[in-house]
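A note on names: the letters A, B, ... follow the listed sequences, proteins ahead of strands, and every chain is numbered from 1.
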2 protein chains.
Amino acid sequence: MYDLFFQKFQEKVPLSNEEQEQIKAYLTPKKLRKRQYLLQKGDVCKAIAFVEKGTLREYSVESGSEHIIQFAIEGWTISDLFSFLTGEPATYHIEAIEEAELILISKSAHEELLKVQPKYETYMRLLITGAYIALQRRHTSNISLPVEERYRNFTEMYPDIVQRVPQHMIASYLGLTPETLSRIRKKMANRE
Amino acid sequence: MYDLFFQKFQEKVPLSNEEQEQIKAYLTPKKLRKRQYLLQKGDVCKAIAFVEKGTLREYSVESGSEHIIQFAIEGWTISDLFSFLTGEPATYHIEAIEEAELILISKSAHEELLKVQPKYETYMRLLITGAYIALQRRHTSNISLPVEERYRNFTEMYPDIVQRVPQHMIASYLGLTPETLSRIRKKMANRE
DNA sequence: CCATTTCATTGACAAAAGTCAATGGTTTTT
DNA sequence: AAAAACCATTGACTTTTGTCAATGAAATGG
């Protein structure tokens with residue numbers, strides 16, 4: 001159950017067996033059914049979630065329309081960090097697209113782990129650094145590349161997500177309407 | 001010279017005088033003239049820069065056109081983190097818009113500080129977490145808000161940058177052409 | 001202080017993306 | 001198994017944004 005979590009952890013920071021057991025004591029498993037919320041806008045985000053199985057999406061709702069901020073599949077971590085850290089109401093929804101198995105780090109677990117296990121702090125630092133770099137690249141490509149290339153990059157970078165997620169959600173992630181993405185795909189297909 | 005740096009540091013992590021002196025020993029001051037590069041695309045980013053004075057911009061150049069990724073004024077930190085951490089060539093330029101005074105943390109200083117001073121790791125973690133949250137909000141507003149509101153948010157959030165930076169750079173930051181921003185401003189002004 | 005460069009604005013036009021509505025195929029639910 | 005909900009695609013049309021070119025004002029550098 002915790003295999004993938006610790007595998008990913010150890011890719012960044014090696015742990016002894018004892019350390020692993022120590023950390024494991026702070027973690028909580030949780031299952032979600034399809035369409036079930038992990039977090040709803042307005043609630044306070046109470047955990048950082050690591051995905052052992054399944055697919056989730058994090059999205060904002062702005063004047064009726066949804067905008068997908070992030071997908072998360074096996075091995076990824078997802079949360080509304082701002083809400084989690086400050087205790088302010090969340091601005092995003094997080095929802096299971098498919099049935100999912102998660103490992104949760106609660107706020108109190110997070111704070112305790114920072115105190116008792118320096119390797120946890122290092123892991124968090126590296127995790128967020130990676131997320132920041134990825135987000136920066138995404139943002140850069142968003143404002144500098146033509147839509148078609150952005151879509152192509154996405155399919156090359158995340159072929160597994162393309163398989164598992166409806167197309168209109170990928171459009172939303174790329175900041176497009178479903179119609180526009182459909183037309184771009186058609187144009188790309190016609191050139192082959 | 002290091003006042004602002006340690007002021008910002010202590011807002012996140014308090015330090016004793018000894019700790020401050022210890023850390024200071026790893027820092028290097030640097031001045032830039034207007035238009036001078038701190039980093040050029042293709043070079044390896046050798047430092048994290050804290051701005052004591054002046055204004056910098058970080059931007060990408062994609063098929064001839066520039067796209068501003070970030071501004072940095074007094075009290076902000078700027079770097080091509082990916083290049084800094086991996087040693088890969090930078091994908092961004094960083095340049096002084098006005099004459100600037102910086103405090104640099106070199107790669108080796110960064111690595112040493114992580115080893116010898118846990119508070120430095122905590123500071124870095126919190127710094128990057130803040131940057132990540134800010135970037136996520138920016139990206140969200142980019143894909144979900146109409147241009148006019150994005151501009152309004154920017155002017156409200158960073159009135160000092162609006163004062164100090166030419167308008168076409170703000171357009172670039174928002175992902176617009178200068179002409180489009182000019183027209184939006186006109187529209188906004190006409191409604192008053 | 002003059003020459004040059006940079007900058008913001010505007011107009012005319014082109015290209016890109018969004019909106020609305022309809023269709024037909026899937027999948028999901030009951 | 002039938003009904004309902006979801007989904008991708010397409011067409012006609014509108015809105016938004018970009019491109020190119022010109023102008024005049026302001027800032028910059030020698």
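Note that the CD1 atom of B:Ile184 and the OG1 atom of B:Thr180 stand 6.0 Å from one another [nearest 0.5 Å]. Once rounded to the nearest 0.5 Å, the distance linking NE2 of B:His67 with OH of B:Tyr92 reads 11.5 Å. Put simply, CZ on A:Phe6 and CD on A:Glu21 are 7.5 Å apart, with the number rounded to the nearest 0.5 Å. The distance from atom CG of A:Leu176 to atom CD of A:Gln167, rounded to the nearest 0.5 Å, is 10.5 Å.
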Between the protein and nucleotides 24-29 of chain D, list the N/O to N/O atom pairs that are separated by less than 3.5 angstrom.
unit_1 : atom_1 : unit_2  : atom_2 : d
D:dT28 : OP1    : B:Lys34 : NZ     : 3.0

Distances for protein N or O near nucleotides 9-11 of chain C N or O, under 3.5 Å:
unit_1 : atom_1 : unit_2   : atom_2 : d
C:dT9  : OP2    : B:Gln167 : NE2    : 2.6
C:dT9  : OP2    : B:Ser182 : OG     : 3.0
C:dT9  : O5'    : B:Ser182 : OG     : 3.2
C:dG11 : N7     : B:Arg183 : NH2    : 2.7
C:dG11 : O6     : B:Arg183 : NH2    : 2.9

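Remark: the backbone N or O of B:Leu15 is not paired with any side-chain donor or acceptor of B:Lys119 at under 3.5 angstrom. Not one N or O on the side chain of B:Ser144 forms a donor-acceptor pair closer than 3.5 Å with the backbone of A:Glu62.
The distance from atom NE2 of A:His67 to atom C1' of C:dG18 is 12 Å, rounded to the nearest whole Å. Here the C1' atom of nucleotide D:dG18 and the CD1 atom of A:Ile143 are 16 Å apart, to the nearest Å. Look at CD1 on A:Ile97: it is 10 Å from P on D:dC7, rounded to the nearest Å. A:Leu145 has its CG atom 12 Å from the P atom of C:dA17, to the nearest Å. When rounded to the nearest whole Å, the span between CD1 of B:Ile184 and C1' of D:dT17 equals 8 Å. Atom CG in A:Leu176 sits about 14 Å away from atom P in D:dA8, given to the nearest Å. As a whole-Å value, the separation of A:Met188 CE from D:dA8 P is 16 Å.
Classification of B:Arg152 and B:Glu149 as a salt-bridged pair fails, no side-chain N sitting under 4.0 Å from a carboxylate O.
Of the residues in residues 146-154 of chain B, not one comes within less than 4.0 Å of DNA chain C through any heavy atom.
Applying the ring pair (Phe, Tyr, Trp, His ring centres under 6.0 Å) rule to pairs touching residues 42-63 of chain A yields A:Phe5-A:Phe50, A:Tyr59-A:His93, sequence neighbours excluded.
Connectivity analysis of hydrophobic side chains (ILVMFWY, heavy atoms under 4.5 Å, direct or indirect) links A:Ile78 to A:Leu32, A:Leu38, A:Leu39, A:Val51, A:Leu56, A:Ile94, A:Leu102, A:Leu104.
Side-chain nitrogen and oxygen atoms of A:His168 include at least one within less than 4.0 Å of the OP1 or OP2 phosphate oxygen of D:dA8.
Exactly one of A:Tyr26, A:Tyr120, A:Tyr123 qualifies for a ring-ring contact (aromatic ring centres under 6.0 Å, His included) with A:His110. That residue is A:Tyr120.
Residues satisfying the side chain to side chain contact (heavy atoms under 4.5 Å, CB included) test with B:Ser16, not counting sequence neighbours, are B:Glu18, B:Glu19.
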